[in-house]
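Here the structure is laid out as structure tokens; the discussion comes afterwards.
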Amino acid sequence: MTVVERDVLPSGAENRRFRDRRATYVPSRPLLEHHVRRRVRAIPNITLLDGHNVGDLTTTPDRRRGTGVQRWAAATVFGS
């Protein structure tokens, strides 16, 4: 069972504190992205390209498996 304590902050916002024995880790976005990139780069059949934008995912004809992404250089400007 999780017990929630509620406090109202001076700004009027609600602050919830959970009294629970489970640990919760909230990494910063840069830290999370670093670890995801490191793990994905270790997969032999995946190539990450810096400086590119991603469009749509490409899939097998039955759409059950991802095969790649449509990409373009980051400097490309659309609608010009």
Side-chain angles (χ1 to χ4, degrees):
M1 175 195 255
T2 301
V3 177
V4 179
E5 294 178 5
R6 293 182 176 176
D7 293 326
V8 177
L9 302 176
S11 65
E14 188 176 300
N15 182 26
R16 293 182 182 185
R17 291 179 293 185
F18 294 89
R19 287 190 290 152
D20 199 332
R21 296 198 181 273
R22 291 176 284 185
T24 302
Y25 300 98
V26 183
S28 66
R29 182 171 178 156
L31 180 63
L32 178 62
E33 287 180 359
H34 167 77
H35 285 285
V36 169
R37 282 178 167 267
R38 183 176 53 84
R39 293 195 60 180
V40 170
R41 285 187 195 276
I43 301 171
N45 63 340
I46 293 180
T47 302
L48 292 182
L49 300 173
D50 291 325
H52 287 77
N53 292 322
V54 173
D56 293 326
L57 296 174
T58 57
T59 62
T60 56
D62 63 4
R63 302 186 68 138
R64 295 185 62 158
R65 183 172 292 226
T67 58
V69 295
Q70 293 177 345
R71 63 178 171 82
W72 58 88
T76 303
V77 178
F78 292 97
S80 300

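Heavy-atom basis, side chains included; hydrogens, waters and symmetry copies ignored. When a residue number appears, it is its place in the shown sequence, counting from 1.
- Pairing each heavy atom of P27 with each of L32, the nearest pair is CG-CB, 4.2 Å.
- Atom CZ of R64 is surrounded by 12 or fewer heavy atoms from other residues, nucleotides or ligands within 6.0 Å.
- Using modelled atom types, no side-chain atom of T67 and backbone atom of T60 make a donor-acceptor pair closer than 3.5 Å.
- The minimum heavy-atom distance between R37 and D50, with the atom names listed, is NH1-OD1, 3.2 Å.
- Criterion: ILVMFWY side-chain heavy atoms under 4.5 Å apart, direct or through other members. Under it, V36 and L31 are not part of a common hydrophobic cluster.
- Following chains of ILVMFWY side-chain contacts shorter than 4.5 Å, one cannot reach I46 starting from V69, and the two form parts of different hydrophobic clusters.
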